[in-house]
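Step one of this worksheet: look at the structure below.
Every chain is numbered from 1 and lettered A, B, ... according to where its sequence line falls, protein lines coming before strand lines.
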Amino acid sequence: MSTETIPSSNFLRTIVEDDLKSGKHASIVTRFPPEPNGYLHIGHAKSICLNFGLARDFGGRCHLRFDDTNPAKEEQEYIESIKESVRWLGFDWGQNLYHASDYFEQLYQWAEYLILQEKAYVEDLTAAEMRAYRGTLTEPGIESPYRSRSTDENLALFRRMKSGEFPDGARVLRAKIDMSSPNLSLRDPVLYRIIHAPHPHVGNSWCIYPMYDFAHGQSDAIEGITHSICTLEFESHRPLYEWFLDTLPVPARPRQYEFARLNLTYTVMSKRKLHELVSQKIVNGWDDPRLPTLMGLRRRGFTPESIRTFCDRIGVGRSDSWIEMSVLEECVREDLNERAPRALAVLRPLKVIVDNYPEGQVEEFEAANHPQNPELGNRTINFSREIFIEQDDFSENPPKGFFRMTPGNEVRLRYAYIVRCTGVVKDEAGAVVEVHCEYDPASRGGSAADGRKIKGTIHWVSAQYAVDAEVRLFDRLFSDPNPDRGEIDYKQFLNPLSIEVLSGCKLEPNLRDLDPETRVQFERQGYFRLDPQDSVIDQLVFNRVVTLKDTWSKK
RNA sequence: UGGGGCGUCGCCAAGCGGUAAGGCAUCGGAUUUUGAUUCCGACAUUCCCAGGUUCGAUCCCUGGCGCCCCAGCCA
């Protein structure tokens, strides 16, 4: 059972409802248009859930379209990973897989059309000169001397650009709009540039490539997109988006809407920084469990359901926003609390000897796989004279309020017996290396025969039957809520404790046969899953997805 | 003081002229063989500020203030 909710009302849902009600559209068509120049992250998940969600909820369809107009940055590896991520998140584009590069021929024809209409020209100015001619935010630009070339010359030059006669950067094709527009994207924007590079989807068929602005709206029109949803920074491009739709003989009239991109505290989301973390080996690849990439979150153990819930829960608006990491964390906890079977695992073992328990005796106890859901059944766990408990669950000089194992005090070993600590063994350094205790034989299963209340219950695992494993504890990648804020390099805020690798952890043996996709709760500690890359039989490696809430350690 | 946006609780966010939903966080308290879960309760007389229109304004108007985006042959 998932905990997913219906997305609450937002301005885009309202627009779609209105357009459907008024009959402006019989059905809607949206699209998710990633550029294949990196791996998808949770910010993309917001866009995916929005676009595919709108289509799903209002009976339309959503296309997956690769915005592959810049072969210098794009790779097949990214195309594959993006498809995998979208599928993993739980969305299906069906037959509707497209590439902006599918439309290169049509876009090229439209470029020539613009030249013929005297609305585009070949520019010989260098990039630096163009910048100088562009003007500033407060001053208008100056028209290029090449702006008045004849149609014939423009056409000839553009065709020569296409046929590969010029090197990269030699010339560009620009739209002829308005060099004094207060909107800089209307000051004769570049339409095509020369890039002699093989394209991941169309190979070597082109050496001129359209700019985003010249490709996006027309691609939307070709595909019959009704609602073209992008992030806020494209807002000032909208007049240009519309200029192309007005000027070109396009088959449909899509409309662009913008929403605020996702910002999450304690992480970074920009592709540049993600690339940097990966290429500088600050993290171990795009699927490093500490990254906000979908591949990283998946490997860490986040469920697609929890990410969808998150995307629904954060809402969609137009104001810059920062979502606290606790929202995401709570979404997985909610999902996993409901479905994860429980298990006992000791991460930092401390040997405990039950002195009055018969040597060599072993007892089986029934343990519930889920305390609130009997349908998940029971399992047996073996109890023996020597067990391991968590180092944190013992204290010789306990702080106020501590109700775990402490000399002279009783605690319950979950599902087993009530024990009383009778003494400790220390090494030369004075550290406790072994704890001794006595059990109450009348407390089989964990409840006292006389009904006395035992405040503390701790987890344990039989020393004799325990399975060893490596456990990787992940925490926030950065120690600052906004490492990306500027002035100081974000890498200064890397959290040195973002990964802690524990070896020699002691697990209950039932975990040996765990399904790699199953998330389990190690009671009192958190949710874990096997690392899909590194875990092998007899060399188990667990990843911690998220801790349990802990109101004790907070104090 | 070029243009375009945004401003409702610590963080998100509904609300669209009729008297401030919800989630996360936080703080109590109950139940609990996970200090988990669950459960109850508290948490904006107020919607960036100031005027105005109105019987009535977070929603309309005017004027401020604050923040974000745009000067790639990136998307």
Side-chain angles (χ1 to χ4, degrees), chain A residues 5 8-10 14 33-35 37 67 69-70 72-74 123 125-127 130-132 134-141 168-174 180-187 189-195 209 211-213 215-216 230-239 258 260 265 271-272 312-331 333-334 337-338 342 344 367-368 370-372 401-404 412-416 418 443 445-447 454-459 481 521-526 547-555:
Chain A
T5 53
S8 62
S9 165
N10 65 55
T14 304
E35 182 190 13
N37 67 346
D67 220 332
T69 57
N70 186 355
K73 294 184 172 179
E74 297 152 7
E123 173 65 274
L125 252 27
T126 64
M130 278 179 60
R131 192 179 316 122
R134 187 150 35 226
T136 69
L137 294 178
T138 53
E139 305 156 37
D168 287 7
R171 290 178 225 263
V172 294
L173 182 73
R174 301 179 76 175
S180 63
S181 171
N183 183 337
L184 303 231
S185 64
L186 258 20
R187 318 244 262 227
V190 172
L191 267 28
Y192 269 91
R193 63 318 200 178
I194 300 168
I195 302 175
Y209 292 92
M211 296 288 288
Y212 163 85
D213 287 309
H216 207 93
C230 61
T231 44
L232 249 23
E233 67 272 24
F234 291 98
E235 187 161 26
S236 58
H237 295 234
R238 196 169 63 219
E258 310 85 18
T265 58
K271 270 191 184 168
R272 204 209 99 225
D312 291 341
R313 193 168 284 185
I314 58 177
V316 179
R318 287 178 60 87
S319 51
D320 297 321
S321 61
W322 281 87
I323 307 294
E324 291 177 347
M325 186 61 93
S326 60
V327 180
L328 211 210
E329 293 171 340
E330 194 50 24
C331 289
R333 285 198 191 101
E334 230 172 82
N337 172 52
E338 221 173 298
R342 316 282 127 129
L344 302 185
H370 190 118
Q372 281 82 34
F402 186 85
F403 52 76
R404 278 111 92 145
R412 173 164 37 236
L413 297 176
R414 173 139 247 226
Y415 295 123
I418 294 167
S443 65
S447 8
I454 303 296
K455 182 76 169 151
T457 300
I458 63 176
H459 60 278
Q521 182 194 103
F522 289 175
E523 292 205 23
R524 305 208 303 133
Q525 314 203 78
T547 62
L548 250 34
K549 275 190 195 164
D550 184 356
T551 49
W552 163 249
S553 73
K554 219 181 267 176
K555 292 180 183 176

Does A:Thr126 make a side-chain N or O approach to OP1 or OP2 of B:C73 shorter than 4.0 Å?
no
Assigned partner base of B:A14, Watson-Crick or wobble definition, under 3.5 Å
none
Which listed nucleotide (B:U34, B:G5, B:G72) is nearest to the side chain of A:Glu235?
B:G5
Assign B:G72 to syn or anti; the rule is syn for a glycosidic angle within 90° of 0 and anti otherwise.
syn
Any base atoms under 4.0 Å from A:Gln521, or only sugar-phosphate, or nothing? Heavy atoms, all strands.
base
Pairing partner of B:U38, by Watson-Crick or G-U wobble and under 3.5 Å for both distances, is B:A30
Between A:Tyr192 and A:Met211, the two heavy atoms sitting closest are N-CG, 4.4 Å
Between A:Met130 and A:Ile314, the residue closer to the 5' end of RNA chain B by nearest nucleotide is A:Ile314
Determine the contact category for A:Ser447: base if any of its heavy atoms lies under 4.0 Å from a base atom, sugar-phosphate if only primed atoms, P, OP1 or OP2 are that close, otherwise nothing.
base
Between B:U58 and B:C9, how many Å separate the two P atoms, rounded to a whole number?
15 Å
When rounded to the nearest Å, what value does the distance between P atoms of B:C27 and B:G63 take?
45 Å
Checking only heavy atoms, does the side chain of A:Gln525 share a donor-acceptor pair with the base of B:U34 at less than 3.5 Å?
no
What's the gap between B:C59 and B:C48 when it is taken at their P atoms, as a whole Å value?
8 Å
Quick one: label A:Tyr209 by what it contacts on the DNA or RNA (base, sugar-phosphate, nothing), any heavy atom closer than 4.0 Å.
nothing
I want to verify a distance call: between B:C70, B:A75, B:G3, whose nearest atom is closest to the A:Glu35 side chain?
B:A75
Carboxylate-amine/guanidinium contact A:Glu330 A:Arg313, below 4.0 Å
no
Using a cut-off of 4.0 Å on non-hydrogen atoms, how would the nucleic acid contact of A:Arg171 be classed: base, sugar-phosphate, or nothing?
nothing
Give none if B:G63 has no partner; otherwise give the nucleotide forming a Watson-Crick or G-U wobble pair with it, both distances under 3.5 Å.
B:C49
With respect to the phosphate group of B:G35, does any side-chain polar atom (N or O) of A:Arg414 fall under 4.0 Å of OP1 or OP2?
no
State which of B:U34, B:C12, B:C73 makes the closest approach to the side chain of A:Leu548.
B:U34
Using the C1' atom as the reference point in each nucleotide, state the distance between B:C40 and B:U32 in Å, no decimals.
15 Å
Whole-angstrom distance between B:C73 and B:A14, as gauged at atom P:
36 Å
Can a side chain N or O of A:Thr551 be found less than 4.0 Å away from OP1 or OP2 on B:A36?
yes
If we take the C1' atom in both B:C11 and B:G2, what is their distance in whole Å?
34 Å
Tightest non-hydrogen contact, residues A:Lys455 and A:Phe403, listed as CG-CG, 3.4 Å
CD1-CG distance between A:Ile195 and A:Asn70, expressed to the nearest 0.5 angstrom
4.5 Å
Can a side chain N or O of A:Arg134 be found less than 4.0 Å away from OP1 or OP2 on B:G2?
no
Within the distance-only criterion (no hydrogens, no angle test), does the side chain of A:Ser236 pair as donor or acceptor with the backbone N or O of A:Ser185 below 3.5 angstrom?
no
Reading RNA chain B from 5' onward, which residue's closest nucleotide shows up sooner: A:Val316 or A:Ser443?
A:Val316
Tightest non-hydrogen contact, residues A:Asp67 and A:Glu74, listed as O-OE2, 3.5 Å
Tell me whether the OP1 or OP2 atom of B:A36 has a side-chain N or O from A:Arg524 closer than 4.0 Å.
no
Check whether the side chain of A:Gln372 and the base of B:A36 form a donor-acceptor pair under 3.5 Å.
yes
Check every strand shown and say whether A:Val172 touches a base, only sugar-phosphate, or nothing at a heavy-atom separation below 4.0 Å.
base
What integer number of Å spans the C1' atoms of B:U46 and B:G18?
16 Å
OP1 or OP2 of B:C74 versus the side-chain N and O atoms of A:Arg193: is any pair under 4.0 Å?
yes
Closer than 4.0 Å, any side-chain N/O of A:Ser9 to the OP1 or OP2 of B:G15?
yes
Please produce a list of atom pairs where a protein N or O lies less than 3.5 Å from an N or O of nucleotides 23-25 of chain B.
residue : atom : partner  : partner atom : Å
B:C24   : O2'  : A:Ser326 : OG           : 2.9

Is it true that A:Lys73 and A:Glu35 have a side-chain N and a carboxylate O under 4.0 angstrom from each other?
no
So what's B:G2 paired with, Watson-Crick or G-U wobble, going by both distances under 3.5 Å?
B:C70
Between the base of B:A75 and the ring of A:Tyr212 - centre-to-centre under 5.5 Å, planes within under 30° - is that a stack?
no
Report the base-pairing partner of B:U58 (Watson-Crick or G-U wobble, both distances below 3.5 angstrom), or none.
none
Distance check, P atoms only: B:C68 and B:G15, in whole angstrom units.
27 Å
